[in-house]
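No experiment lies behind these values; they were computed from the predicted model shown.
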Amino acid sequence: MEGRRLSRVEARRADLRFPFPENFAARLTGARIERMGRRAKYLAADLDTGDCLIMHLGMTGRFTIGGRQQGKFHHDAGPPERHEHVVFGLDDGGRIGYSDPRRFGFMDLWPLADIENYPAFRAMGPEPMSNRFSGAWLREAFRGRRTPVKAALLDQSMVAGLGNIYVCEALWRAGISPKRLAGSVSAPKAEALAAAVREVIAEAIEAGGSSISDFAATDGSLGYFQHRFSVYDREGEACGRCGGGVKRLVQSGRSTFYCGACQR
DNA sequence: GCTTGGACCTGATTGC
DNA sequence: TGCAATCAGGTCCAAG
């Protein structure tokens, strides 16, 4: 989409998780996408109109590239998706469809000049792959926190962009119990955790993401990282490190998978 | 101020 | 076979 102009924008319903901003399609039609970026799990398209188009996939959102572009994309659009809610037509003939059965995703517009004050970005912690993120940062962010470290890592103000799967995997790699209170994570363990977070993210990206049921790349291809999960969705299986049993528990409403023997 | 749990919504899976 | 209950990758907000 970068460098292309939106020749047609179609919002097929009034809302996703939230209502679309006023005049959503009209404000986008004709705009040129100067740059595509990302902050945590939010996609950000900088437009030449002065707005930033912010997009979040929620849990089941998916972008599919179709149409006939003069450039490199020639994917078959495939059968029409039942839950395709937004369609972007590009000036080179490309077609970007957004489908989202559960509608936990959303799209928003915000002035580009003020993007740092976008509510979701304001209190957001560092990107895990950035220099700002480290064991020392984690230890400082965890200081005094009486919430389990599992919940703390899901808090986007501590680290940006980690979800349930990768938090479970990173805690296993670092040998830290998800039940441990965040404030009690030692300095060496915080270092190990920061390193594990980076590893998990890097490997998952390398593997093309995790396709459990909904995730697919824009050409429809699936990720492979789910085959490398050490604990996630492996309740009852043997821990690959110590042979102990992988357990499941529910923390703040989310499933946590961990090894009860070697995660302390 | 911090923490937890419910709400949002649909579809797949499981168990009776 | 059919139905109900449960669960799912995220985030926000009210209540405690």
**OP:** Verify the stacking flag for Phe104(A) against dC8(B): centroid separation must be under 5.5 angstrom and the ring planes must differ by under 30 degrees.
**Re:** yes
Original post:
When you compare dA7(B) with dA5(C), how far apart are their P atoms, in angstrom units rounded to a whole number?
Top reply: 16 Å
Original post:
Would Arg12(A) and Glu10(A) pass as an ion pair if we require N to O under 4.0 Å?
Top reply: yes
Original post:
Heavy atoms under 4.0 Å, any strand shown: does Tyr166(A) hit a base, just sugar-phosphate, or nothing?
Top reply: nothing
Original post:
Does atom NZ of Lys179(A) have more than 12 heavy-atom neighbours from other groups under 6.0 Å away?
Top reply: no
Original post:
So does Arg32(A) pair up with Asp48(A), basic N to acidic O under 4.0 Å?
Top reply: no
Original post:
Among side-chain atoms of Asp100(A) and Thr60(A), is any donor-acceptor pair under 3.5 angstrom?
Top reply: yes
Original post:
Using 4.0 Å as the upper bound for N to carboxylate O, is an ion pair formed by Glu203(A) and Arg228(A)?
Top reply: yes
Original post:
When the P atoms of dG6(B) and dT6(C) are considered, how many whole Å apart are they?
Top reply: 13 Å
Original post:
Can you find a side chain N or O atom of Gln156(A) that sits less than 4.0 Å from OP1 or OP2 on dT11(C)?
Top reply: yes
**OP:** Identify whether any heavy atom of Ile212(A) sits under 4.0 Å from a base atom; if not, whether one sits that close to sugar-phosphate; answer base, sugar-phosphate or nothing.
**Re:** base
**OP:** Would you classify Pro119(A) as touching base, sugar-phosphate or nothing, given that sugar-phosphate means primed atoms plus P, OP1 and OP2, and contacts are heavy atoms under 4.0 Å?
**Re:** nothing
Original post:
Any side-chain N or O of His83(A) less than 4.0 Å from the OP1 or OP2 oxygen of dC9(B)?
Top reply: no
Original post:
Are the ring centres of Tyr166(A) and Phe225(A) closer than 6.0 Å?
Top reply: yes
**OP:** May I have the distance from Ile54(A) (atom CD1) to dT11(C) (atom C1'), rounded to whole angstrom?
**Re:** 15 Å
**OP:** Answer yes when Glu127(A) and Arg39(A) have at least one side-chain N-carboxylate O distance shorter than 4.0 Å, and no when they do not.
**Re:** yes
Subject >> Cationic N near anionic O, under 4.0 Å, Arg173(A) to Glu199(A) >> reply: yes
**OP:** Answer with yes or no whether Arg102(A) presents, from its side chain, a donor or acceptor under 3.5 Å of a partner atom in the base of dC9(B).
**Re:** yes
Subject >> Selected nucleotide, minimal atom distance to Tyr232(A) side chain, candidates dA8(C), dT11(C), dT3(B) >> reply: dA8(C)
Subject >> Base of dT11(C) paired with side chain of Arg17(A) (donor-acceptor, under 3.5 Å) >> reply: yes
Original post:
Rounded to whole angstroms, how far apart are CZ on Arg145(A) and C1' on dT4(B)?
Top reply: 13 Å
**OP:** For dC9(B) and dC3(C), measure between their P atoms and round to the nearest Å.
**Re:** 24 Å
**OP:** Provide, to the nearest angstrom, the distance between the CD atom belonging to Gln251(A) and the C1' atom belonging to dG5(B).
**Re:** 14 Å
**OP:** Measure from CG on Asp233(A) to P on dA12(B) and round the result to the nearest Å.
**Re:** 17 Å
Original post:
Does the pair Glu84(A)/Arg13(A) count as a salt bridge with the N-to-O cut at 4.0 Å?
Top reply: no
**OP:** Dot-bracket for DNA chain C, please, read 5' to 3', with Watson-Crick or G-U wobble pairs under 3.5 Å on both distances, ( ) within the strand, [ ] crossing, | other strand, . unpaired.
**Re:** .|||||||.|||||||
**OP:** With heavy atoms under 4.0 Å as the rule, sort Gly253(A) into base, sugar-phosphate or nothing.
**Re:** nothing
Subject >> Spacing of Asp214(A) atom CG relative to dC7(C) atom C1', expressed in whole Å >> reply: 13 Å
Subject >> Under 4.0 angstrom between Ser255(A) side-chain N/O and dA8(C) OP1 or OP2 >> reply: yes
**OP:** Please report, rounded to the nearest Å, how far the P atom of dC12(C) is from the NE2 atom of His56(A).
**Re:** 8 Å
Original post:
Between Asp155(A) (CG) and dC13(C) (C1'), how many Å, whole number?
Top reply: 14 Å
Original post:
Arg248(A) CZ to dT6(C) P: how many Å, rounded?
Top reply: 12 Å
Subject >> Arg82(A) vs dG11(B): side-chain N/O to OP1/OP2 distance below 4.0 Å >> reply: yes
Original post:
Looking at the side chain of Thr147(A), which of dT3(B), dC7(C), dC9(B) is the nearest nucleotide?
Top reply: dT3(B)
